[in-house]
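Written out below as structure tokens is the structure these notes cover.
All values below come from the heavy atoms of this structure, side chains included, with hydrogens, waters and symmetry mates left out.
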Amino acid sequence: TMIGRLVIVIAALALIVTYLPSIVAASIYKNEEGIGQAVREAKVPREELFITTKLWNSDQRDPRGALEASLKRLGTDRLDCYLLHWPGSHPLAETIAGFEDLRRAGKILSWGVSNFDVPDLEAAWQAGGEGRIACNQVLYHLEERAIEHSVLPWCRRHGVAVVAYSPFGHDSFPGPA
């Protein structure tokens, strides 16, 4: 909706203006156009921003095509990081090979994963090679700490950054007094 898009633009502008230079988008969230608009309106040089978006499962067969569409919506020529949103049914090695092609072509500077547990991380590590997985974006906050048992130690051992989503919780914010 128009109001929803306006909220995205205002929120992204607020982050850019307060100089939080890291922006995470996803085509499935339908926020890429709004974020692209906010980046243009903020007039912050592209090299001062770190832009990430996510490849949705239904697009894993064509990471290049999905990326080109995302870049167009974001209004940029490259991503700093491209995340595989979820492990899916498409062969992981093929998707990661596509990510590596995009990295070599300069379309993405790095790639990572999201919502991967240890077996998925192991498979990605085998497919991509040492030092290729930039990060694993996972649900992590004070009430959801399951990653501390195996995912976090695995990432630490392999030099994979852990990025929390919903770091302040999920659906449990206190209401107005």
Side-chain angles (χ1 to χ4, degrees), residues 12 15-16 19-40 42-140 147 151-165:
L15 288 173
I16 294 166
Y19 209 66
L20 179 66
S22 181
I23 300 168
V24 180
S27 61
I28 194 71
Y29 302 157
K30 301 196 182 314
N31 64 358
E32 292 175 331
E33 286 180 355
I35 287 171
Q37 180 182 346
V39 168
R40 286 187 300 279
K43 297 183 181 9
V44 174
R46 171 63 181 88
E47 59 274 5
E48 293 182 19
L49 298 172
F50 191 94
I51 301 176
T52 301
T53 198
K54 299 177 184 180
L55 177 69
W56 187 242
N57 287 11
S58 61
D59 295 324
Q60 288 183 23
R61 294 187 194 293
D62 185 19
R64 180 176 293 277
L67 176 69
E68 292 297 340
S70 288
L71 292 175
K72 183 176 180 181
R73 287 187 294 267
L74 288 163
T76 188
D77 62 343
R78 66 172 165 77
L79 287 180
D80 298 289
C81 191
Y82 199 24
L83 299 181
L84 176 54
H85 204 139
W86 289 94
S89 59
H90 187 72
L92 181 62
E94 289 180 22
T95 303
I96 290 175
F99 279 3
E100 282 296 311
D101 289 344
L102 292 167
R103 187 185 59 76
R104 283 189 292 275
K107 291 290 189 175
I108 63 174
L109 299 182
S110 64
W111 59 267
V113 296
S114 183
N115 303 301
F116 273 43
D117 58 20
V118 170
D120 299 318
L121 287 165
E122 288 286 347
W125 184 262
Q126 291 299 318
E130 183 175 345
R132 288 292 184 225
I133 306 171
C135 64
N136 184 18
Q137 186 188 53
V138 291
L139 178 64
Y140 186 51
I147 69 160
V151 171
L152 193 57
W154 189 97
C155 288
R156 186 175 294 129
R157 279 193 312 276
H158 292 86
V160 175
V162 172
V163 178
Y165 67 79

- Test side-chain contact (heavy atoms from CB on, under 4.5 Å) applied to D80 and R78, step by step: CA-CA 7 Å; D80 298 289; R78 66 172 165 77; 3.0 Å; yes

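- No donor-acceptor distance shorter than 3.5 angstrom exists from the side chain of R132 to the backbone of E100, with no hydrogens or angles considered.
- At least one donor-acceptor pair under 3.5 Å links the side chain of Q60 to the backbone N or O of W86.
- The heavy-atom pair separating A127 from A93 by the smallest distance is CB-CA, 3.8 Å.
- Taken to the nearest 0.5 Å, the CG atom of L121 stands 12.0 Å off from the CD atom of Q126.
- To the nearest 0.5 Å, atoms CD (Q37) and CG (N31) are separated by 12.5 Å.
- Between P153 and V118 there is no side-chain heavy-atom pair separated by less than 4.5 Å.
- The CZ atom of R73 sits 4.5 Å away from atom CD of E32, with the distance rounded to the nearest 0.5 Å.
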- Are Y82 and T53 close enough, and set up right, to give a side-chain contact (heavy atoms from CB on, under 4.5 Å), and what steps lead you there? CA-CA 5 Å; Y82 199 24; T53 198; 3.8 Å; yes

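- Crowding of E47 atom CD: a count of heavy atoms from other residues, nucleotides or ligands under 6.0 Å exceeding 12.
- For R156, the side chain to side chain donor-acceptor pair (under 3.5 Å) criterion is met by no residue, not counting sequence neighbours.
- For the residue pair D117 and P119, the shortest heavy atom distance occurs at OD1-CD, 3.2 Å.
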- Message: I'd like to know whether C135 forms a side-chain contact (heavy atoms from CB on, under 4.5 Å) with L83, so could you lay out the CA-CA distance, the side-chain angles of the two residues, the decisive distance to 0.1 Å, and finally the verdict.
- Response: CA-CA 8 Å; C135 64; L83 299 181; 3.5 Å; yes

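- Between K54 and D59, no side-chain nitrogen of the basic residue sits less than 4.0 Å from a carboxylate oxygen of the acidic one, so the salt-bridge criterion is not met.
- Here the OG1 atom belonging to T76 is positioned 12.5 Å from the CD1 atom belonging to I35, to the nearest 0.5 angstrom.
- Rounded to the nearest 0.5 angstrom, N115 CG and D120 CG are separated by 9.5 Å.
- Heavy atoms only, all atoms of each residue included: I133 and G112 are closest at CG2-CA, 4.4 Å.
- Interatomic distance, CG of L79 versus CG of L74, reported as 6.5 Å (0.5 Å rounding).
- Among all heavy-atom pairs drawn from A124 and L92, the shortest one is N-CD2, 3.5 Å.
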- Before giving the answer on side-chain contact (heavy atoms from CB on, under 4.5 Å), spell out for V160 and F116 the whole-Å C-alpha distance, their side-chain angles and the decisive distance to 0.1 Å. CA-CA 12 Å; V160 175; F116 273 43; over 6 Å; no

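- Under the 30°/60° scheme for interplanar angles, the aromatic rings of H158 and W125 are found to stand perpendicular.
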- Message: I'd like to know whether K107 forms a salt bridge (Lys or Arg N to Asp or Glu O under 4.0 Å) with E68, so could you lay out the CA-CA distance, the side-chain angles of the two residues, the decisive distance to 0.1 Å, and finally the verdict.
- Response: CA-CA 9 Å; K107 291 290 189 175; E68 292 297 340; 3.4 Å; yes

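- Here the side chain of N136 pairs no donor or acceptor atom with the backbone of V162 at under 3.5 angstrom.
- Tested against L55 for a side-chain contact (heavy atoms from CB on, under 4.5 Å), the candidates L84, L102, I28, L67 yield a single pass: L84.
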